[in-house]
> 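There's a structure below that I have some questions on.
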Amino acid sequence: MAVQETRLALRNMGKIDPMSIDDYIAQGGYEALAKARQMDRDELISEVENASKLRGRGGAGFNTGFKWSGAKASEGDQKFIVCNADEGEPGTFKDRVILENDPHTVLEGMLIAAYAVGATEAIVYCRGEYEHQIALLRHAVEQAEEHGLTGDVHMHVFSGAGSYVCGEETALLNSIEGQRAEPRLKPPYPTVAGAFGKPTVVNNVETFANVPVIVGKGAAWYAGIGAAEYPGTKVFSISGDVKNPGCYEVATDASLNDVIELAGGVTEGHKIKAVQLGGSSCGYIKGSELDQSVDFDSLRRNGKSLGSGAVLVLNETHNLVDQVQQIVHFLGHESCGKCTPCREGLCQAGVILDRFAAGKGTQADLDMLQALHDLMATDCFCALGQGALTAFVSAYEIFPEDFRERMVN
Ligand SMILES: Cc1cc2nc3c(=O)[nH]c(=O)nc-3n(C[C@H](O)[C@H](O)[C@H](O)COP(=O)(O)O)c2cc1C
């Protein structure tokens with residue numbers, strides 16, 4: 001039987017008017033916040049950390065409650081909660097869909113986190129192009145304040161600075177502070193010294209959207225859904241050669257095939273050549289190997305990444321050289337330029353891939369791309385550069401003929 005969606009982060013989609021706090025409250029909204037505020041803060045964190053095992057949905061899959069416990073334990077006269085809504089990853093649009101359908105669930109998750117760690121400042125850093133979502137969020141904050149739900153927490157909505165690297169959590173913090181959005185050296189981690197040097201929790205939109213469900217229904221209930229070590233659901237953004245592109249939310253023990261089936265499968269008359277799962281810095285999976293679980297750890301054991309949950313489906317008409325060329329030019333454009341391997345490496349890789357795209361690649365070019373990848377994976381300052389040529393390595397490993405087709409000898 002075809003898999004069904006399990007909607008937790010998207011539970012209110014289509015059921016409420018996102019402009020109406022009353023609609024949200026009528027669906028049980030803000031009950032979890034009231035429940036959380038009755039709980040001991042360590043008990044609340046333990047529920048999220050150990051019982052629910054919620055892990056970040058922004059890409060790295062880090063244990064959310066563990067992050068919160070770090071911020072709670074850090075010394076600071078002021079603490080911050082930051083929601084990462086920068087969403088610049090190509091092919092990723094799940095946070096946009098969550099925000100435009102249900103902004104209050106994200107605010108409620110942030111207010112629960114603020115109570116847990118003792119934060120009085122909460123900032124949503126939202127991608128600047130998401131004007132509609134920013135307006136919805138600002139309206140939602142006003143409503144939450146009018147209903148007396150924010151307590152001693154000041155909530156702000158910050159419009160992003162228009163760069164992919166602003167989504168990297170420390171670059172994001174620099175951007176909030178009005179500085180250039182360049183990643184910071186870690187440690188210290190944001191939980192110790194984040195926004196304005198104060199202990200800060202940075203979590204993704206989808207991560208926060210899960211928190212009211214976990215607190216409201218109980219961590220044990222949540223942990224019973226999906227894969228044991230990465231429980232709950234994942235919202236996938238599906239694009240490319242499928243019949244019904246869009247966002248689909250499934251339990252984390254579903255397979256990649258199930259997810260693509262929800263999007264109607266591959267477009268009529270075609271077959272799937274490859275899927276790029278996770279975003280631009282992630283590898284490809286062959287069309288014949290999609291019967292694998294989408295859970296973070298199973299994928300990692302198979303050498304794949306879940307990333308942000310982007311699923312780009314490519315039919316047999318694509319040559320992956322064109323895909324890799326596009327990715328490298330995108331990342332080169334978005335590189336902040338702080339570190340030389342990323343700034344120069346992506347520039348050189350772009351020149352080489354342009355040669356391949358024109359059918360003039362050589363074996364020396366392939367060797368150079370591999371050498372650049374090996375250097376950048378270890379020497380770049382942040383994950384943008386470290387993963388920038390992963391797509392090349394993966395595409396060449398799986399479809400070497402695509403590159404040979406574009407070589408002069
Ligand atoms: C170049 C780059 C871009 C990123 N963009 C985003 C983003 O748009 N949204 C996001 O939540 N995380 C993004 N991340 C990951 C964040 O640094 C961070 O891990 C995440 O916000 C933590 O939240 P989580 O634990 O809830 O996943 C990005 C990382 C890198 C290196």
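As the structure lists them, so they are numbered: ligands from 1, and atoms in each ligand from 1.
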> Looking only at protein heavy atoms, identify the closest one to atom 25 (O) of ligand 1 and say how far it is in Å.
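Scanning the protein heavy atoms, the shortest distance from atom 25 (O) of ligand 1 goes to Lys67 NZ, 3.0 Å.
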> Is there a polar contact, in the sense of an N or O pair closer than 3.5 Å, between Asn203 and ligand 1?
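The answer is yes, given that Asn203 and ligand 1 share an N or O pair closer than 3.5 Å.
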> Quick one: sort the Tyr30 and Tyr24 rings into parallel, tilted or perpendicular, breaks at 30° and 60°.
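Because their plane-to-plane angle is over 60°, the rings of Tyr30 and Tyr24 count as perpendicular.
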> To which protein heavy atom is atom 18 (C) of ligand 1 closest, and what is the distance rounded to 0.1 Å?
Glu169 OE1, 3.7 Å
> Quick one: do Asp95 and Arg57 make a salt bridge, cutoff under 4.0 Å?
no
> Does ligand 1 have an atom that lies less than 4.0 angstrom from a heavy atom of Cys382?
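Distance cut 4.0 Å: Cys382 fails for ligand 1.
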> Would you call Lys186-Glu168 a salt bridge at under 4.0 Å N-O?
yes
> Is Asp365 salt-bridged to Arg406, cutoff N-O under 4.0 Å?
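Salt bridge between Asp365 and Arg406, a charged N being under 4.0 Å from a carboxylate O: no.
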> What atoms of ligand 1 come within less than 4.0 Å of a heavy atom belonging to Gly88?
8 (O)
> Looking at ligand 1, is there an atom of it that comes within less than 4.0 Å of some heavy atom belonging to Arg57?
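Yes, Arg57 has heavy atoms under 4.0 Å from ligand 1.
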> Under 4.0 Å from a heavy atom of Ala383: which atoms of ligand 1 are those, numbered in the order shown and with their elements?
31 (C)
> So, Lys198 and Asp77, do they make that salt bridge, N to O below 4.0 Å?
yes
> Taking Lys94 first and then Glu206, would you say they form a salt bridge - that is, a charged N and a carboxylate O separated by under 4.0 Å?
yes
> Starting from atom 29 (C) of ligand 1, find the nearest protein heavy-atom neighbour and note its residue, name and distance.
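Atom 29 (C) of ligand 1 sits closest to the protein heavy atom Glu168 CA, 3.7 Å.
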> Using heavy-atom distances only, which candidate in Asn84, Thr170, Val82 approaches atom 12 (N) of ligand 1 most closely?
Asn84
> Any N/O of Glu87 closer than 3.5 Å to an N/O of ligand 1?
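Indeed, backbone or side chain, Glu87 has an N or O that close.
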> Is there a donor in the side chain of Asp354 and an acceptor in the side chain of His329, or the other way round, less than 3.5 Å apart?
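Short answer, yes.
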> Output yes when Glu229 and Arg55 qualify as a salt bridge under the 4.0 Å nitrogen-oxygen rule, no when they do not.
no
> Tell me the nearest of Gly58, Gly167, Gly279, Gly387 to atom 16 (C) of ligand 1, using heavy-atom distances.
Gly167
> Starting from atom 23 (O) of ligand 1, what is the nearest protein heavy atom, named by residue and atom, and what distance separates them?
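Of the protein heavy atoms, Asn204 N, 3.3 Å lies nearest.
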> Using a 4.0 Å cutoff against the non-hydrogen atoms of Asp86, which atoms of ligand 1 qualify?
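Per the distance check, 8 (O).
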> Check whether any N or O atom of Thr207, backbone or side chain, sits under 3.5 Å from an N or O atom of ligand 1, and answer yes or no.
yes
> Is the shortest side-chain N to carboxylate O distance from Glu131 to Arg138 below 4.0 Å?
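Between Arg138 and Glu131 there is no salt bridge, as every charged N stays at least 4.0 Å from the carboxylate O atoms.
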